[in-house]
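Convention: sequence-line order gives letters A, B, ...; per-chain numbering from 1. Just the heavy atoms: all of them, side chains too, but no hydrogens, waters or symmetry mates, feed the values below. Computed from a predicted structure; not experimentally measured.
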Amino acid sequence: MIPGSFNYHRPASVADAIKLLSDLGEDARPLAGGHSLVPMMKLRLASPAHLVDLHGIAGLKGIRRDGDTLLIGAMTTQHDLLASDEIAKSVPILHEAALLIADPQVRYRGTIGGNVANGDPGNDMPALMMTLGATYRLEGPGGAREVAAADFYQGAYFTALEPGEILTSISVPAPPAGHGYAYEKLKRKVGDYATAAAAVVLTMADGKVASCTIGLTNVHETPLVAADAAKAVIGTNLDSAALKKAAAAAETIMSPAADARGPVEYRKHVGGIMVTRALQRAASRAR
Amino acid sequence: MNDMTPTRDQRAAALEGMGCKRKRVEDIRFTQGKGNYVDDVKLPGMLHGDFVRSPHPHARVKKIDDSEALKVPGVLAVITAETLKTVNLAWMPTLAGDVQMVLADGKVLFQNQEVAFVVATDRYAADDGINKVVVEYEPLPPLVDPFKSMDPDAPVLREDLAGKTAGAHGPRKHHNHIFEWTVGDRELTDAAFKKADVTIKEMISYHRTHPSPLETCQCVCSFDKIKGELTIWGTFQAPHVIRTVVSLIAKLPEQKIHVIAPDIGGGFGNKVGAYPGYICAAVASIVTGKPVKWVEDRIENLTATSFARDYHMTTEIAATRDGKVTGLRVHVLADHGAFDACADPSKWPAGFFNIVTGSYDFPTAHLAVDGVYTNKAPGGVAYRCSFRVTEAAYCIERAMDILAQKLGMDPAELRLKNFIKPEQFPYHSALGWEYDSGDYHTAMRKMMETTNYAALRKEQAEKRAAFKRGETREIMGLGVSFFTEIVGAGPSKNCDILGIAMFDSCEIRLHPTGTGIARMGTKSQGQGHETTWAQIIATEIGIPADNIQVEEGNTDTAPYGLGTYGSRSTPVAGAAIAMAARKIKAKAQMIAAYKLEVHEDDLEWDIDGFRVKGLPERFLSMKDICWAAYNSVPPGMEPGLEAVSYYDPPNMTYPFGAYLCVMDIDVDTGVYKVRRFYALDDCGTRINPMIIEGQVHGGLTEAFAIAMGQEIRYDEAGNVVTGSFMDFFMPTAVETPHWETDFTVTPSPHHPIGAKGVGESPNVGGVPAFSNAVNDAFSFLGSTHIQMPHDYWRNWKAAKELGAVA
Ligand SMILES: Cc1cc2nc3c(=O)[nH]c(=O)nc-3n(C[C@H](O)[C@H](O)[C@H](O)COP(=O)(O)OP(=O)(O)OC[C@H]3O[C@@H](n4cnc5c(N)ncnc54)[C@H](O)[C@@H]3O)c2cc1C
């Protein structure tokens, strides 16, 4: 549990960071909160020769509303999200989910940028970003580009990030007023990644589901959007038949690994239950 | 009498003696981050050592190439079994009469086994060096399942034992067999089973787990070549034993070895034995002439230093139709991993597992334990329990529930019907123990009344009906546990460690100004000895606890003792403290008589001094006696006021308790909630009720963890898959249930202050309470026994197998 040796860099601008990462190549990694990267380094599962710490770059941190969109800087911590009135008001599901990530110590350091860029299927924010229709701003030697969260994840620890690129901010379209939301996460204890988790954002009209998006965490090598499951509940009043159908549809796209949290069958089964419970709780909150 | 004269109550309270909820004095430094742990020891020029470990569970070691490692800047030496052979230390004896490789000698026998020790100027360089040592292995088939250890074609694990048909505990039946231990009357027991109206039989497993103290095992060894002296700072629960072991195996004179156990961050049995890290650090210090530190990381702690439990207990009870038990038969298959590194008293290969008749009056019983080798880490230690007592308590408490279910009786009623009765004490059990004292019926009834047990059963019946009607997906379980422990090892007639009787000791020196220092052979790892030991002295000799400095852990200053584990400190050292104090009191009485000019027999003790009988104003306080002891002792008496006591207990002590766990389980996810947990403990005389409560809280939290998920698990290929706190269940304050504590007091008749010990009771009694709650919840769906641990997915699996989920 002792990391290998590395060089530490602390650039003061995005341009400098990009230059460092491009010049140093494969051996360099951006460092944000360090709460995914450093544990991997301690296990020597990652041995970067250079760490490019993003903490020295002003402007990568902060939450701001621009019309109907929330802009969140990559270096905004989970704690910052929890402390933000804007988040609590406009995208309360982010508040709910951030509270289910690790513990206060980790949340003081861990950043939203690191959480979504990491590419670990156990991270909670990626499925939420897909559910909310967020896009990531990636800046690199070739300039800046926007990539939808839904197109970002390619496999466990494989993302659309190109060498030399960093994720600088996230834009989250604020869900409509009166929307219902819920993030249901089954975990064994505080500080554990999800056995399975489901994010739901929906709107109701006349007691029926008018629109619905469902995201899934840690039941596949990437986060998932369960489109068929959402389709199964639109137009229904979430009666038990509709809920069953949604859970079954969600389960068909899950392919979790067996681990100490349980065998595959269990993780899929509770994945379905998380979907059901998230739908019910979201509906109860919709106005 | 003027108003300023303190009342007797005020004088007694000022002592903060026994019965006082005195605040823990050690917490002043712990809560300010001012403790002094092994890793705080930093010596000039100190080097750091760390291990190359085996990725294979079973393999031949063909070659170790350290040439690249030695090129890493800062790396000074790579020690292997070949190096250790030059000083005859490639293998070391275990406390259980086996031998254990210090570093892989030709073979590795478990994953993460120590293969080479890299010594470097700092920990980073040491780890860089580890990554450069190239070890060539030839994998061998792993043996993971203990039930297959004695198959005819099972792989040979311990080639060093080839041809040895007997081990330290008698004949071996197979190349992977360690010992067989039998107790009790086989014929009488067989006869009881033949005659029985009702019998039950169940294989009850107590899975492998780990004590996992927050501070891992560690040491700093410093060899002074000029003086020929070795100083070891280490995380030792038994520092004197370590000194003797080091002297015997390293062939150093014992007076030239100084063992110091500073503050220790939890032990729970993990820090009793000797580990390869200690030997390697000592050898490295001798070789380099520099101090060498070895600090285990979390993964190493969980996967290499001793595990606990791994007992597979086939249990049978014979009973009459109306629920009177008539016989008990238990066979245990004990998985010890690659080496039998049990930390039990030497003559007890399965510890005190023969306490397995529990709190019940079994007329006859028979027990057989077979120890076997597997390709797993060696052990196992007593994780917050006296030797194998928690396994025994789990075995009998689970089996009594199974019998109750078969008889259609309430588990509490069945227990009440079979308890040893108060008038039967001292009670001789069918498996050979003499229980000192107990009043089980009173404790059980108090538990049932306080928790309103009858109402809970009624609620459960209603919930079960609602579940069957499909109105709820939650099931409710009541876990009853009534345990009897055997602690305080122990009397020299049956307890020793490597030939040293398991006494304990205390030395008290009082200073002229009425204060003093007391040293013991025990070593606190969080139990609060600095607080409670002073309280015993305060009550015994009337010196305020605050005026007694307690010191443990330095073998140069403390009297020889066997250390702290197995709830032995209060039963054994606690007795030595009282006896040493009484020696002082006897001398003090002579001094007082001289000063007050009366005969000793004319004096009576009064809280904090001696008074002349019938003349209340003729009084000499202990404080004044201390002063007198240094300037005006009676003619012919030696000055000073100090005493030493080595206490060889006449018997063990037998704490007991009645626990109840109320649990709800969601069958769809397997998620459980502990709604209520009530723990009544009877540990005899209570020295500090606050510390007792803290011990009970901690022990229950560990019991909760163990029963509900904490396990060391190996996959079929022999890989250990629970190597960090992500997967090894360590509950936080969030998961931990609320604990309700209660007590009765049945003093031990043979202990000077009547105290029995409490540190381990909650772990021993807690595990069956949790497991019985889960089993009780599922029983109405048709199950008789579900194995631990009861984590979420296994609860769901049970529900599924019982048809409760689709
Ligand atoms: C005990 C514990 C429990 C945890 N539990 C959870 C949990 O339940 N749910 C959960 O979601 N997470 C959990 N985490 C992970 C935590 O949320 C991390 O903080 C997060 O995954 C990574 O964020 P970070 O800021 O720490 O990133 P770092 O660890 O610094 O970086 C992570 C990866 O992302 C890359 N990276 C970081 N920032 C950028 C950027 N701006 N652009 C490009 N690449 C970047 C790094 O190079 C690295 O590869 C847990 C962590 C711990 C230690």
Side-chain angles (χ1 to χ4, degrees), chain A residues 1-6 35-36 39-45 47 49 99-100 102-106 120 122 184-198 218 240 243-244 247-248 251 256-277, chain B residues 48 50 72-74 118 120 122-132 216 295-301 473 666-672 705 708-713 715 721-736 789 791-797 799-800 805-806:
Chain A
M1 301 251 272
I2 302 284
S5 60
F6 53 85
H35 273 65
S36 287
M40 285 197 284
M41 290 168 60
K42 285 184 162 188
L43 295 170
R44 301 208 179 203
L45 293 173
S47 313
L99 260 184
L100 296 171
D103 50 51
Q105 287 100 315
V106 174
D120 182 332
E184 283 284 341
K185 175 176 177 180
L186 180 68
K187 55 179 176 173
R188 296 168 298 178
K189 58 172 275 194
V190 160
D192 193 17
Y193 292 93
T195 303
N218 217 15
S240 65
L243 288 172
K244 257 202 190 118
E251 283 179 47
D259 64 11
R261 295 174 183 84
V264 171
E265 196 194 351
Y266 173 71
R267 296 188 62 187
K268 286 172 74 164
H269 171 80
V270 292
I273 291 172
M274 293 304 106
V275 168
T276 313
R277 292 185 182 173
Chain B
H48 297 256
D50 210 344
V72 172
V118 176
D122 63 70
R123 267 207 95 182
Y124 291 87
D127 260 49
D128 289 342
I130 284 167
N131 283 281
K132 295 283 186 205
T216 58
V295 174
E296 201 185 35
D297 71 22
R298 181 63 54 199
I299 297 174
E300 295 177 301
N301 180 253
R473 299 294 289 156
D666 168 9
V667 291
D668 288 320
T669 55
V671 173
Y672 55 79
M708 305 314 289
Q710 188 178 83
E711 102 185 282
I712 295 291
R713 196 152 61 91
D715 67 15
V721 296
T722 45
S724 82
F725 281 168
M726 192 60 93
D727 288 324
F728 180 85
F729 180 44
M730 181 61 84
T732 71
V734 176
E735 291 78 40
T736 302
D791 48 2
Y792 295 162
W793 76 266
R794 288 182 174 97
N795 289 342
W796 166 81
K797 181 167 162 268
K800 195 172 158 67
V805 277

Go through B:Thr669 and B:Tyr792 one step at a time and tell me if the side-chain contact (heavy atoms from CB on, under 4.5 Å) criterion holds.
CA-CA 7 Å; B:Thr669 55; B:Tyr792 295 162; over 6 Å; no
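Per-residue heavy-atom pair counts under 4.5 Å with chain A were compared for B:Lys797, B:Arg794, B:Met708, B:Lys800, and the maximum is reached by B:Lys800.
Here the shortest heavy-atom pairing between B:Ala120 and B:Ala126 reads CB-N, 3.4 Å.
With a 4.5 Å cut-off on non-hydrogen atoms, B:Asn131 touches chain A through its side chain but not through its backbone. Residue A:Lys187 touches chain B through its backbone alone, counting heavy-atom pairs closer than 4.5 Å. For chain A, no part of B:Asp122 is nearby; none of its heavy atoms comes within less than 4.5 Å. Contact annotation for A:Val190: both backbone and side-chain heavy atoms come within less than 4.5 Å of a heavy atom of chain B.
Applying the side chain to side chain contact (heavy atoms under 4.5 Å, CB included) criterion to B:Asp127, with sequence neighbours excluded, gives A:Ile2, A:Arg44, B:Asp50, B:Ile130. The side chain to side chain contact (heavy atoms under 4.5 Å, CB included) search around A:Lys189 returns A:Asp192, B:Phe729, B:Met730, B:Thr732, B:Glu735, not counting sequence neighbours.
Salt-bridge formation is not detected for the pair B:Asp727/B:Arg713: no Lys NZ or Arg NE/NH1/NH2 atom is positioned less than 4.0 Å from an Asp or Glu carboxylate oxygen.
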